[in-house]
Each structure stands twice: as structure tokens, then as C-alpha cells.
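Atoms within each ligand, like the ligands themselves, are counted from 1 in listed order. Residue indices begin at 1 and follow the sequence shown.
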Amino acid sequence: MPGGPAESTAPEAWNLSFMTLEWVGDIDGALHILDQTLLPGSQQQRILEQPSDVIEAIQQLAVRGAPAIGVAAAYGLCLASRGCEQIEQVRERWDAAIAPMRQARPTAVNLHHMVDRMNRVATSPAAAELDGVSLRVRLLEEARAIEAQDQHFCRAIGVAGADLIPEGATVLTHCNAGALATAGQGTALSVLYQAWRNGKRFRVLADETRPLLQGSRLTAWELQKSGIPVDVICDGASGSFFQAGEIDLVITGADRIAANGDAANKIGTYTIASLARAHDVPFYIAAPSSTFDFTIDGGEQIPIEERDAEEIWNVSSRQRPAARIGYRNPAFDVTPASHIAGWITEAGVLKPPFLEIR
Ligand code: MRU
């Protein structure tokens with residue numbers, strides 16, 4: 001394998017060969033997203049012009065991943081008053097947009113934090129002095145600040161975690177916690193990008209991540225573009241790789257982390273964390289402070305999204321089970337803090353009670 005940081009092809013946050021989301025234009029602009037439902041077969045943009053377009057895109061997982069959902073929601077709220085000039089109309093549209101945007105998906109807390117942050121600006125004493133257009137300018141500024149902050153968090157997470165990757169390691173990841181899941185270079189994958197840039201050489205096992213295949217469709221696509229070697233494995237296969245001593249480290253992202261460190265992430269994460277613990281392999285969560293929910297004490301209070309059963313059975317007809325079978329499709333599970341070796345954040349590799357980011 002080629003060595004040395006100079007030869008690295010890992011993408012910089014400012015030099016990705018794709019864009020996950022981008023606000024195009026001024027206050028009457030629109031949110032452009034890469035439609036992740038079509039990857040990796042087709043790289044197409046979707047243009048979102050109304051809050052309902054953003055909600056639909058979030059629910060369909062056209063834009064997905066906890067930090068990216070938060071940034072998309074912030075811009076989505078800016079779309080509510082598109083074309084409006086009168087302050088009364090701006091406020092009326094804003095008030096109507098807040099609750100549906102906040103409820104677009106239940107588990108990733110970044111969505112709630114960013115909607116609340118935007119609403120604090122809209123309802124601040126300073127905003128009460130503004131006319132309609134000035135308020136819209138201020139709200140767009142805030143959405144841009146949220147995006148820039150997420151990019152900064154991603155880079156800092158990479159720097160904080162890069163030294164955890166041993167030279168020559170095999171790293172297992174689950175779902176997609178990369179540039180496709182954030183406004184920047186990802187969380188779990190940011191650690192890998194930074195380590196690669198630092199000259200470390202390693203390989204990645206990407207769980208396929210049933211039912212929507214974020215691992216095989218998105219993580220493998222993203223890593224392949226970066227030049228980091230990646231193999232996709234079936235979700236059920238990781239146990240045998242642990243048993244064979246082939247996994248040195250696990251890193252995943254998270255959708256919500258409780259005050260005690262319990263972390264919700266894509267369904268199947270707890271299984272891997274349990275295997276990692278059984279085989280004495282360190283399991284890390286990489287997530288920005290915006291993914292922490294200090295209002296809840298433990299993971300049992302994290303709401304878990306149940307998605308449509310069709311996602312499970314909508315596979316090729318040969319793979320479809322018998323008719324009239326029941327399904328359950330929880331999209332996330334909770335990994336207890338006891339299974340987590342460290343929480344890689346923009347403020348360093350932390351442990352509960354996370355005083356550095358409270
Ligand atoms: O249902 P998804 O694809 O939005 O789930 C995404 C995940 O579980 C990610 O691991 C998590 O949001 C962290 S993204 C940096």
C-alpha cells in the first residue's frame with residue numbers, strides 16, 4: 001500500500017467530489033441535496049423549495065444522518081417564508097413550519113437541537129425589532145452558521161480520533177457516518193479520513209446495514225472515492241470476523257447520546273458493540289456535541305423510530321419471504337455506555353459525564 005500523507009487521496013472537507021447538501025442563492029434560494037436514495041447507481045441532486053420538501057426528503061432518507069438532518073432542517077425552516085416581505089406573513093409561516101420540521105424523524109436529536117436553535121433566533125428580543133426581510137436574512141445567517149459549525153465539528157472529531165487507529169488495523173463500521181451524513185467530512189469516517197491523511201494505513205469492513213443498506217450503498221461508495229480500502233460484509237458476518245481476530249477496532253456514529261453515555265445508532269450497532277465487548281475489541285462512538293441529549297439520563301428514554309415494514313420486504317422477489325408474514329422494523333438501537341470505550345467528539349475523546357461539552 002502506498003505510504004505517506006502526501007499520497008493520500010482521502011477527501012478534505014473542502015474538496016469532496018460530491019456535495020451532501022448546499023444552500024444555493026440568497027434568502028429566496030433553495031436547498032440542494034444529493035438524493036441518497038439513488039446512490040450509488042445515480043448521483044442526482046434534488047432541489048428543495050418548501051419546508052414540506054425538506055421533511056419529505058428527511059423521511060425518505062434522501063438526506064440522512066443525524067448532523068445532516070439538523071443542518072437540512074435549519075435551511076428547511078428558511079424556506080418557509082420564501083418570497084415573503086411582510087413581517088406578519090414571515091412570522092405566520094415560521095410558526096406553522098416549526099412543529100412539523102421538528103417531528104420529521106424522532107431519534108436523531110440534532111434535528112431537535114437545530115430547530116430549537118433557529119426558533120430561539122426567530123423569537124429573540126433582537127428579532128422582534130426586525131422587518132420581514134431582515135429577519136429572513138438573520139435566519140439564513142443562522143442556518144449557515146449551523147452548517148459551518150457542523151463542518152468544524154467533523155474536522156475536529158477526525159483530529160481527536162485519528163491516533164486511535166492502529167497502523168495496519170482492520171476497522172469495522174456500521175451504517176454511514178461519513179460526509180454523506182453531515183455537512184462536513186463525517187464523524188466516524190472523519191476519524192478514518194484524518195488517520196489516512198496522517199499516513200496511517202488500514203482497511204475497513206463496512207456492514208451492509210439492512211434494510212436500507214447505508215453501509216454497502218453509501219459508506220463503501222464514500223470510502224472507495226477516498227481511496228481507503230473497504231470490503232462490505234453482511235450484517236450477520238461480523239461475529240465470525242471478531243472470532244477470527246480480524247477486527248481491531250469498531251467506530252460508528254450516533255443519533256442521540258444520553259447523559260450517561262448510552263448511544264442510539266442504526267439498528268445492529270448494539271449487536272456489534274456486544275460482539276466487540278465479548279472479543280475485547282474497543283468500540284468507539286464518534287459524534288459532535290450536537291448529538292448529545294443531556295435532558296435524558298439514559299438510553300431507555302431515547303425514542304426509537306419504527307419505519308415501514310415495506311423496507312424489509314421490498315427486496316428482489318426471490319428474496320421475499322412468504323406472504324402474510326409480520327415484520328418489525330426499528331431503525332435504531334441503543335448501545336449501553338458500558339460497551340463504549342470512548343466518545344470521540346470535537347472536544348476530544350471523552351467519557352461520562354462529558355463536562356467538556358455540557
Ligand atoms: O437512518 P439513517 O441513515 O439516518 O441513520 C444514520 C445513522 O445511524 C448514523 O450512524 C448516525 O446518524 C450518525 S451520522 C454521522
Side chain to side chain donor-acceptor pair (under 3.5 Å) with Arg136: of Asp28, Asp26, Asp131, only one passes, and it is Asp28

Stepwise, does the side chain to side chain contact (heavy atoms under 4.5 Å, CB included) test hold for His112 with Asp293? CA-CA 10 Å; His112 305 151; Asp293 184 353; over 6 Å; no

Sole candidate of Leu34, Leu213, Asn176 that passes side-chain contact (heavy atoms from CB on, under 4.5 Å) when paired with Leu39: Leu34

Select one of side chain, backbone, both or neither to describe which atoms of Cys175 lie under 4.0 Å from any atom of ligand 1, heavy atoms only. side chain

shortest atom 9 (C) of ligand 1-to-protein heavy-atom contact is with Asn265 OD1, 3.4 Å

Counting both backbone and side chain atoms, is some N or O of Gly178 under 3.5 Å from an N or O of ligand 1? no

Here the atoms of ligand 1 under 4.0 Å from any heavy atom belonging to Ala181 are 14 (S), 15 (C)

Tell me, please: is Ala108 in heavy-atom contact with ligand 1, that is, under 4.0 Å? no

CZ of Arg46 to CG of Leu21, rounded to nearest 0.5 Å, is 13.0 Å

State if Ala331 counts as touching ligand 1 under the rule of any non-hydrogen atom under 4.0 Å. no

Is NZ or CZ of Lys266 both nearer than 6.0 Å to the six-membered ring centre of Phe332 and within 45° of the ring axis? yes

Would Thr291 count as a contact residue for ligand 1, given that I'm defining contact as a non-hydrogen atom of the residue lying under 4.0 Å from a ligand atom? no

Students should be able to answer this: which protein heavy-atom is nearest to atom 15 (C) of ligand 1, and at what distance? Thr187 OG1, 3.2 Å

Nearest 0.5 Å please: distance from the OG1 atom of Thr107 over to the CD1 atom of Ile302. 8.0 Å

Name the closest protein heavy atom to atom 11 (C) of ligand 1, giving the residue it belongs to and the distance to 0.1 Å. Asp255 OD1, 3.2 Å

With the threshold set at 4.0 Å, does a side-chain nitrogen-carboxylate oxygen contact exist between Glu306 and Arg328? yes

Can Gly186 be said to touch ligand 1, with heavy atoms closer than 4.0 Å? no

Just heavy atoms, cut-off under 4.0 Å: does Asn176 contact ligand 1 by side chain, backbone, both, or neither? backbone

State whether the shortest distance between N or O atoms of Gly65 and N or O atoms of ligand 1 falls below 3.5 angstrom. yes

Among protein heavy atoms, which lies nearest atom 5 (O) of ligand 1, and at what distance? Lys266 CE, 3.4 Å

Gln214 contact mode with ligand 1 (heavy-atom cut-off under 4.0 Å): side chain

Answer yes or no for Lys200 and Trp196: cation-pi contact, defined as NZ/CZ to six-membered ring centre under 6.0 Å and angle to ring axis within 45°. no

So, Arg307 and Gln59: side-chain donor and acceptor under 3.5 Å apart, yes or no? no

So is Arg105 touching ligand 1 or not, going by heavy atoms under 4.0 Å? yes

Under-4.0 Å salt bridge between Arg138 and Glu141: yes

The atoms of ligand 1 lying under 4.0 Å from a heavy atom of Ala66, numbered in the order shown, are 12 (O), 14 (S)

Given 3.5 Å as the limit, does a donor-acceptor pair link the side chain of Trp23 with the main chain of Gly25, or not? yes

Report yes or no: does Thr252 have a heavy atom closer than 4.0 Å to ligand 1? no

May I ask you to check whether Arg64 has an N/O atom sitting below 3.5 Å from an N/O atom of ligand 1? yes

Which residue and non-hydrogen atom of the protein lie closest to atom 13 (C) of ligand 1, and at what distance in Å? Ala254 O, 3.3 Å

Which atom names give the shortest non-hydrogen contact between Asp207 and Cys234, and what distance separates them? OD1-O, 3.8 Å

